[in-house]
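Sequential numbering from 1 along the given sequence is applied to the chain's residues.
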Amino acid sequence: VQDLQREIETPHQNNLLDKDLYDEYLSRFDFNILDVCPEARSLIIVTAPQPQVRVTFKCNGQSLPCIIPPTYCLTTDQQLKDGLEEILRPEGYHLEKKRLPEKLIAVHSGLARYGKNNITYVPGMGSFHRPAVFVSNLPSSDDNWGELKVLKSCDDCTACMDVCPTGAILVMDVTERPIT
């Protein structure tokens, strides 16, 4: 968890992140896991299939279609927690949801890979998934923490860069860019 905190805060402290981006999205992570689980022994990262949601807003008589990405529907988190508790509670373990960088943890754990567009992709789900991180007193003998990895199919592809309306997607080594 301390490594995660450094990975987020070091680029900020070195002025490599836009201040507004950091203030809006990254400063809200809470790396103090002991406040929710004083006997914390592990982080559990899971992800569930979750398609995008299409909604239409009516404004001044006009219909405005909008697509809401999978990561903005929070009800899945409780479903994931309930399912994990069903497994852990009979064994005497518990877990708590914590606001940590889910995508970063998913990629470090090997569960997901980054695309050049900073979206995470999971085999069998693509980008339509909802990651959630829980702190638990479940002991873990395995340390599956790995290097950040980009999808192999992104190596020679520029599709997302070609259609990005702002030119915000740059070709960079995944270890050089701030990942959120």
Check your understanding: Which other residues end up in the same hydrophobic cluster as Leu151, if Ile, Leu, Val, Met, Phe, Trp and Tyr are linked when side-chain heavy atoms come under 4.5 Å apart?
Key -> Ile119, Tyr121
Revision key, fill the gap. Interatomic distance, CD@Gln50 vs CG@Asp77, rounded to 0.5 Å, equals 8.0 Å
Point to revise | Side-chain donor-acceptor pair present, Ser27, Asp23, cut-off under 3.5 Å | key: no
Point to revise | Linked, directly or transitively: Ile105 and Val122 (ILVMFWY side chains, under 4.5 Å) | key: no
Review point. Would a distance-only check, ignoring hydrogens and angles, find a side-chain to backbone donor-acceptor pair under 3.5 Å from Ser136 to His94?
Key: yes
Practice item. Determine whether Phe128 and Tyr114 fall in the same hydrophobic cluster, where Ile, Leu, Val, Met, Phe, Trp and Tyr are linked whenever their side-chain heavy atoms lie under 4.5 Å apart. Key: no
Exercise for review: Determine whether Leu100 and Leu148 fall in the same hydrophobic cluster, where Ile, Leu, Val, Met, Phe, Trp and Tyr are linked whenever their side-chain heavy atoms lie under 4.5 Å apart.
Suggested key: yes
Review point. Is the number of heavy atoms from other residues, nucleotides or ligands within 6.0 Å of CZ (Arg54) greater than 12?
Key: no
Practice item. Name all pairs fulfilling the ring-ring contact (aromatic ring centres under 6.0 Å, His included) condition that reach into residues 136-163, sequence neighbours left out, sorted by first residue then second. Key: His108-Trp145
Review point. If two hydrophobic side chains count as joined below 4.5 Å and joins carry through other members, does Val1 share a cluster with Ile45?
Key: yes
Practice item. Carefully, step by step, assess Glu86 and Lys81 under the rule salt bridge (Lys or Arg N to Asp or Glu O under 4.0 Å). Key: CA-CA 9 Å; Glu86 256 182 64; Lys81 184 178 183 192; over 6 Å; no
Review point. To the nearest 0.5 Å, what is the distance between NE2 (His12) and CG (Leu17)?
Key: 7.5 Å
**Study point:** Hydrophobic cluster (4.5 angstrom, side-chain heavy atoms) - remaining members for Tyr93
**Key:** Ile44, Val46, Leu80, Leu84, Leu88, Leu95, Phe134, Leu138
Practice item. Answer with yes or no whether the hydrophobic clustering places Ile68 together with Phe57; edges join I, L, V, M, F, W, Y residues whose side-chain heavy atoms lie under 4.5 Å apart. Key: yes
Check your understanding: Less than 4.0 Å between a side-chain N and a carboxylate O, is that true for Lys19 and Glu24?
Key -> no
Check your understanding: So does Gln2 have more than 12 non-hydrogen atoms from other groups sitting under 6.0 Å from CD?
Key -> no
**Study point:** Flag, side chain of Lys98 to backbone of Leu43, donor-acceptor distance under 3.5 Å
**Key:** no
Point to revise | Any donor-acceptor N/O pair, Lys103 side chain to Asn118 backbone, under 3.5 Å | key: yes
Practice item. State whether the side chain of Thr47 and the backbone N or O of His129 hold a donor-acceptor pair below 3.5 Å, judged by distance alone. Key: no
Review point. Can you check whether Glu7's main-chain N or O pairs, donor with acceptor, with Thr10's side chain at less than 3.5 Å?
Key: no
